[in-house]
Structure formats: structure tokens, C-alpha cells
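Written out below as C-alpha cells is the structure these notes cover.
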There are 2 protein chains.
Amino acid sequence: MKIDVCFSPILYPYYVENTDTIVVVVDIFRATTTMCMALNNGAASIMPVATVEEAKAYKEKGYLVGGERNVVKFEFGDFGNTPSEYTREKVEGKDVVISTTNGTHAIDMAEDCSCLIIGSFSNISTVADFCLSQKKDVLVLCAGWKDKFNLEDSLFGGALAEILVDKGAYNANFDAAGVALSMWKEAKPDILAYIKRGEHMKRLEAHGLLDVADFCLQSDTTPVLPIYNKNTKKISLQ
Amino acid sequence: MKIDVCFSPILYPYYVENTDTIVVVVDIFRATTTMCMALNNGAASIMPVATVEEAKAYKEKGYLVGGERNVVKFEFGDFGNTPSEYTREKVEGKDVVISTTNGTHAIDMAEDCSCLIIGSFSNISTVADFCLSQKKDVLVLCAGWKDKFNLEDSLFGGALAEILVDKGAYNANFDAAGVALSMWKEAKPDILAYIKRGEHMKRLEAHGLLDVADFCLQSDTTPVLPIYNKNTKKISLQ
């Protein structure tokens, strides 16, 4: 099987080669890390919505709503986009609506695929185990930053590729996957230092979110497998 | 000033930040290397056209026509997409029409910018000198492969970034440019070996074009500065 990495939601149509591919949507800072946390803390589902207007409409219907635009929380929101806000006390048993600058957009782009799962460093081993059990091609879809390439999501692509290749079942010998793998090998000794070169880290630092970034780069803190259901448009655990 | 790298023609609109930016279109294997060769050998201009039909129509009007689709030369063409075909004997004083899988598409995407130049390893120092003299932001626009990320064009982005940063005038501290720079530093000791990991090299090898690839990775073999004129839609030397 092959694993490839798509560096921007806009490029997704050019990377889909067969309908059977598992698409792993990743937005390390912070949407997919946050979704894993909420589901690990017992949320019934995450409902990703594309626009602020939709998020607001759900809030008015009584839903819990979280998310951000350009790193800043909605003034009407129950949560921002920081994993630790989504505590068990607040989310257990609830459907949580989330809309973010990049992550929900990436889900939108790939929502017609046959298997869309949510990836982050916080559930990377669970994602890898699922891919290995399914024996299907894998495409990591990076949310990026406003459709541009970013470091942290690509790096996750390299990290997942390393696990799958090391298990002997996957080939990451493709231009984008190969570069993501090189990035990961360079970053591994000190991931936070590597990511600090990135543009998003500067945005997070400017908003006092450096500790959140550090958390988002830790592996396997929330070992869940969030799967998107294209009929209900909800993300939940299997 | 800043230098950034856009990994796909499709992403170009997301990377344009100001109208003053110099856009360097690059398609190492082989369109932009070929264009530099033809102009260095005295061609009056290169006329990039998007479709095979347009190329054929120009051929019927008596123009010299070159190019390829999926690495294979047009059956009606005077040239393929290999630099050494464009000899002085054949091209001197002539307008040459070229249409290729990726390179002419990238020019199309950026044709409304204020300054579009053609880059390749074969004219990299000339491109760098021009950027330094203009004192403007630079965006390397990679032609890629069918809108996907590829190794060789991104690598050129890193190589150009290194020159501009080393001169002290440019900042390449952006996610994509930073990764391109890392790729270049990794590749530099043996560029051909690095590029051999790439998908396009396999395509070229399959068509017996390994020596052409080697030529396309050599620096400053054709020290020209091809500039695109959006009014005439021709590329020529200043």
C-alpha cells in the first residue's frame, strides 16, 4: 500500500487516485487535536461546520459551539480551539459544533471520500493501527494555513508515514510523502524547536498559546479514532 | 525582502501578497530549462501555449513548435521538451511555440503578475542577480507534476532562497521556503541522487532521458534572463 501527503485542502482533488483510500485530515494547531480531546472526554459527536454563521445558528439552537477564526475564539462560543477547554464535565454526552479557520475546511474538501478519519499527534498510534488493519492506501490531508503549506500538518504526515513504512506494509516513496518523512526525521530530536521556525507557531505565541502548541505535538495523549460520517455529517468514535 | 515558494500552480492565488512580487516560474524537468536553452541559442521569443490544439494551430501557420504531454513529444512537433534539441541552427531569430504538461500551465496561472521570469538551475545565478537588483519580494512558482508537489522544482526554490538569503537581503523564514531550503541543503552534496527518489525522475528514466535530467540539474549553463510580456504573451530576453 502507499501513503502520500497532500499539503493543502485545495490540492486534494489532484491526490485522490482511488475511492478506497483512507483520508486522514490533520490540523495539528489545533482543530483535529481539539476534536480528539473532546471525543476522548466523552463528547457524543463533533459537528464540523464551515462558516461562522452556521456555528452561530447552532448556538442559537442550544448546541455547544467552539472554534475560532484567525486564532481568535468566537465571541458567542462556548469554547475556543484549545484542547484543554473541552473537559469531560462540559462535553460528555453532547454534540459539539466546531468551526475553525482551516480544519473544518479540509474536512469539507474530502467529505465525499469513502473513509475520512481525524488525525493528530495525540492519536497517531491509533490512526496508524487503523490504517494497518484496513490495508488500504492512505492520504494525509493537511489543513494547512488558509490553503497554504504549513510545517506542523506536513510533519504529522511524515510521522505517520514513518510508522506505516517501518511496519513494512507501506511505501512512502512519493515526492510529497518523501519530503514529509525527511522533515519528520529532521524534527524528531526536538519537535517543538523545529516547529518554532513555522509561521503558525508565531501566531500562537502572539496569542499566549505556546503551551497549547507543546501539548498538540505530544503523541498518544488521546488514543481515539474519530471517523466522519458523511450522511450525518458528524464525527464520532467507532 | 522575502522569498517564498509556492509548491503548485493551483496554490498560486493563495501566495500572492502584493502586486509587486517577482514571480519565478520553474519547471526544471524540462520546460523552463528548455526555454532558457532556446533563448540562449538566439531564439527571438518563446510563445507558451496551454493546449495541444493551440500548438498544432501554430504549427499549421508555419511556426516552430515544441513540447510534450506526459513526457512524450507531439507527433507534429519540431522539437520535444529536451534542451539540447533547441540548437542555434534551428532556433536563432525564430519565435518558438512551446506547450508542456506543467510548465506552460504555471505561466498561465501567474500571467497577470507585474513581473514573471523563467527560472531553472541553468540560469539560477542570473535570476538571483536580477532579484537582488530589483529589491522586491520573490515567489518561486513550482510547475509541479499535474498540480501536485514535486521534488525538483521545490528544490530549485530552496537553491534560489539560499543564494538570496546568503546575500543578506532576503528572509526565507516561511513554512514552504524553509522546507525548500532544508531540501536543498540535504540534496546539495549529490543533487542527482536526491532527485532520483522523485517520481518525475522515474518517468524520465523510463523514457531514456536520464542524461537530460542530469543536464537540467547543472547550474548556470545558460545565463539568460527570460521575461514574460503579458501584452505580447511572449517570453524573451531583456
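Quick note on labels: first sequence line is chain A, next is B, and so on, each numbered from 1. Everything numeric here is computed off the predicted structure, so don't read it as measured data.
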With 3.5 Å as the limit, can you list every donor-acceptor pair between chain B and chain A, backbone and side chains included?
| unit_1 | atom_1 | unit_2 | atom_2 | d |
| --- | --- | --- | --- | --- |
| B/Y15 | OH | A/F149 | N | 3.0 |
| B/E17 | OE2 | A/K148 | NZ | 3.4 |
| B/K148 | NZ | A/E17 | OE2 | 3.4 |
| B/F149 | N | A/Y15 | OH | 3.0 |
| B/L151 | N | A/D175 | OD2 | 3.0 |
| B/D175 | N | A/E199 | OE2 | 2.7 |
| B/D175 | OD1 | A/E199 | N | 2.7 |
| B/D175 | OD2 | A/L151 | N | 3.0 |
| B/E199 | N | A/D175 | OD1 | 2.7 |
| B/E199 | OE2 | A/D175 | N | 2.6 |

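Proximity to chain A is limited to the side chain of B/F7, based on heavy atoms less than 4.5 angstrom apart.
Residues satisfying the side-chain contact (heavy atoms from CB on, under 4.5 Å) criterion with B/A172, sequence neighbours excluded, are B/I3, B/A161, B/V165, B/A177, B/L181.
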